[in-house]
Amino acid sequence: MANPPAAPAAPAEPGRNTRHLLGLEGMTPDQIEPLLDLAESYALLNRSRKVPRDVLRGRTLINLFFEDSTRTRTSFELAGRRLGADVINMSVAQSSVNKGETLLDTAATLNAMQTDLLVVRHSQSGAPALLARKVDACVVNAGDGMHEHPTQALLDALTIRRHLGTLGGLTVAICGDVAHSRVARSNIHLLTTMGSTVRLVGPSTLVPSALGRLGVDIHHNMEDGLRGADVVMMLRLQRERMSSGLVPSAREYFRFFGLDRRRLDLARPNALVMHPGPMNRGVEIESSVADSSQSVIQEQVEMGVAVRMAVLDRLTRSRRAA
Amino acid sequence: MNTILFENVRIIDPANGVDQSGRLLVRDGRIAGTDTAGAEGRPEGAQVIDGNGAVLSPGLVDMRVEIGEPGFEYRETISSAARAASAGGITTIAVLPTCKPAIDNPALVRMLRTRGEESGAITILPYGALTKGCEGRELAEIGMLHEAGAVAFTDGNRAVDPARLMRLALSYASGFGAMVVQHPEEPSLAGSGCATAGALATRLGLAGIPTAAESIMIARDIRLAELTGGRLHFGHVSTGEGIELIRQARARGLAVTCDTAPPYFDLNENAIGDFRTFAKFSPPLRSEEDRLAVCAALADGTIDAIASDHLPRDADDKRLPFAQAATGGTGMVTLLGVTLARVHDGTLTLPQAIALLTHRPAALLGSAAGTLRTGAEADLCLFAPEQSWLVRAGQLPGRAQNTPFDRRPLEGRVLGTWKAGRRVYEAGPTAGAAA
């Protein structure tokens with residue numbers, strides 16, 4: 001909604017030959033599938049504890065997080081370390097950003113340190129793209145504002161593909177606070193690109209009809225939105241959505257848009273239940289559903305590391321070949 | 001149960017396009033059929049009511065009523081409101097959520113519905129609070145209130161002020177197919193005003209409220225309804241300017257509706273002359289030009305319904321300096337009589353007037369009431385359109401007596417009211433009749 005279109009000068013098309021991963025919009029199936037294949041192979045290596053430690057040996061990865069995150073930062077850190085990179089975590093609390101340094105000053109500083117990979121999370125849409133224009137490192141968007149969270153959508157896709165064998169022809173219901181969700185946007189781009197049907201489900205204050213322009217179906221009724229779905233992807237409802245008046249109360253939200261057993265049974269038998277975490281049990285998802293055999297939420301976390309290894313590997317290939 | 005045969009009545013049922021003399025049969029609380037062919041036979045054991053040519057219409061549906069219960073029982077209770085409604089030929093009332101506590105909780109919605117059923121005289125259709133406590137800050141639990149039976153959402157006589165909040169309200173309510181009812185008055189323009197800005201207010205030294213306060217709010221909200229796809233209704237519209245905006249919006253195909261109330265088509269600002277606080281309303285009584293615009297909009301269909309805008313206040317609320325006095329008037333007992341004044345002066349046809357008081361408001365509220373269709377609940381109003389009576393504050397059925405129509409002779413008297421086939425009102429031979 002609030003995303004300005006990328007400036008023409010930006011490396012907006014994160015194709016095969018670009019060194020950044022800023023978003024999934026514009027990526028093609030023949031770019032996505034090989035990346036998932038690579039991630040799949042890393043998933044197997046992770047399980048057998050046989051990851052080659054020399055892929056990123058001598059390379060520096062900086063986790064530059066302007067917004068708090070434990071899961072994503074840890075996942076990138078593990079991915080980098082498993083491939084042998086030197087990983088530095090910078091969070092905004094320690095950085096000089098708090099001392100008034102601008103984003104571009106920070107970029108220049110990090111550039112001078114000969115960083116190879118810059119993993120960036122920022123509360124402003126477009127911040128990683130701005131950094132990417134100013135640094136020599138490969139920039140990975142680890143979530144920017146309400147724009148994109150590409151590695152999350154890739155790990156979701158890998159999880160789905162492992163269970164359902166395909167990413168095409170599926171019906172995926174993305175439920176909840178879509179308007180403010182970068183996870184939803186990346187998933188919409190990926191899933192529609194791969195030929196699946198995406199339904200966005202939630203109250204119209206969180207799923208405005210303008211989202212229909214992204215080539216998806218809009219549902220303001222949870223039952224209608226879930227009927228026959230192959231995958232049910234729940235989004236986290238931030239507390240601030242209630243304080244800002246978009247949702248009257250947590251109990252009303254759960255009553256109409258929470259995922260419980262009765263609603264899940266409207267989806268296909270054995271439909272996958274996904275959640276990017278952290279969950280609000282009893283607000284957007286009932287505990288028994290989150291912990292049920294249909295839930296692949298823990299596997300999403302596992303695939304997260306594999307996908308990030310694949311991304312770090314893929315983006316640095318030309319640099320390492322040079 | 002029982003069988004009632006109404007004979008020698010003029011049956012007016014605008015929902016089904018009926019306006020014919022004939023008979024109507026009620027069996028076991030439901031309409032069993034009408035007979036306009038002049039047949040003679042009577043069903044065995046039927047109670048026969050000879051209408052002497054009076055009009056038999058659906059019980060009136062009043063879409064804007066405030067009751068003091070819960071919280072302000074000294075003003076009016078559900079049972080006193082039911083008495084007033086029955087005397088006015090009204091069998092269904094939509095009740096504003098502005099009581100204490102506000103109706104912002106599903107249990108309160110169910111309570112009001114149940115209390116209506118228990119009265120045996122009226123169906124109560126509760127409005128849900130649009131915002132918590134009707135305080136205009138955060139959205140109420142619209143989904144759960146809707147599910148509990150709230151028919152629409154409003155903060156009553158408090159306008160929803162911030163445009164963002166109205167946008168959210170229209171958007172969120174639309175997900176449940178629920179209607180948002182706005183008090184069309186821009187609060188910062190209305191300020192502490194208490195009369196329509198103009199020559200009279202200036203002469204009396206009263207702070208004025210410009211008519212633009214209404215039209216600006218109507219224009220804003222129409223735009224927000226367009227943006228969100230929300231279902232918008234304006235309560236008690238009172239200005240030609242505001243009505244024209246609604247007319248244009250509907251011509252563009254927008255689902256925007258409105259109602260008005262008897263004070264706005266029967267009185268003008270001159271009624272407050274000499275600081276008569278019983279004629280103090282919100283929105284305030286307007287100029288004669290605006291009154292005529294309201295009449296025209298009733299005739300051409302732009303206004304969808306006439307509601308009593310019944311607002312009970314006791315004498316202590318009214319016997320204050322004009323600016324400090326409470327706004328609003330009691331209206332259920334006089335609703336039909338004052339509306340019929342517009343029939344007698346040729347503004348409306350009788351079926352038009354009945355439609356504005358029955359099936360049109362019922363349709364807005366999603367209610368099945370307001371029709372004489374066979375099988376419908378036998379909610380009926382029998383009235384003599386030409387019979388006159390004198391409104392007397394202090395002697396009105398019900399508790400609230402703050403009528404702006406005191407000493408007003410009205411033509412059109414309710415003779416009897418039936419709720420689900422049970423008689424709940426019978427006019428006395430002289431009670432309230434003009435001398």
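Predicted model only: the values in this text are computed from it and were never measured.
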If you count heavy-atom pairs within less than 4.5 Å of chain A, which of B:Glu147, B:Glu138, B:Arg164, B:Glu141 leads? B:Glu141
Extract all donor-acceptor atom pairs below 3.5 Å that involve side chains of residues 208-218 of chain A and protein atoms in other chains or at least two apart in sequence.
none

Describe, in one word, how the ring planes of B:Phe153 and B:His146 are oriented to each other, choosing from parallel (under 30°), tilted (30 to 60°) and perpendicular (over 60°).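 If you compare the ring of B:Phe153 with that of B:His146, the planes turn out tilted.
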Other residues, nucleotides and ligands only: do more than 12 of their heavy atoms fall within 6.0 Å of CZ on B:Arg137?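 No.
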Going by the side chain to side chain donor-acceptor pair (under 3.5 Å) test, which pairs reach into residues 194-203 of chain A, not counting sequence neighbours?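 Pairs touching residues 194-203 of chain A that pass the test: none.
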Which salt bridge (Lys or Arg N to Asp or Glu O under 4.0 Å) pairs, counting each pair once, include a residue from residues 276-289 of chain A, with sequence neighbours left out? A:Arg281-A:Asp291
Are there residues of residues 240-252 of chain A whose heavy atoms fall under 4.5 Å of chain B's heavy atoms? If so, which? A:Met242, A:Ser244, A:Gly245, A:Leu246, A:Pro248, A:Ser249, A:Arg251, A:Glu252
Ion pair present between B:Glu226 and B:Arg252, side-chain N to carboxylate O less than 4.0 angstrom? yes
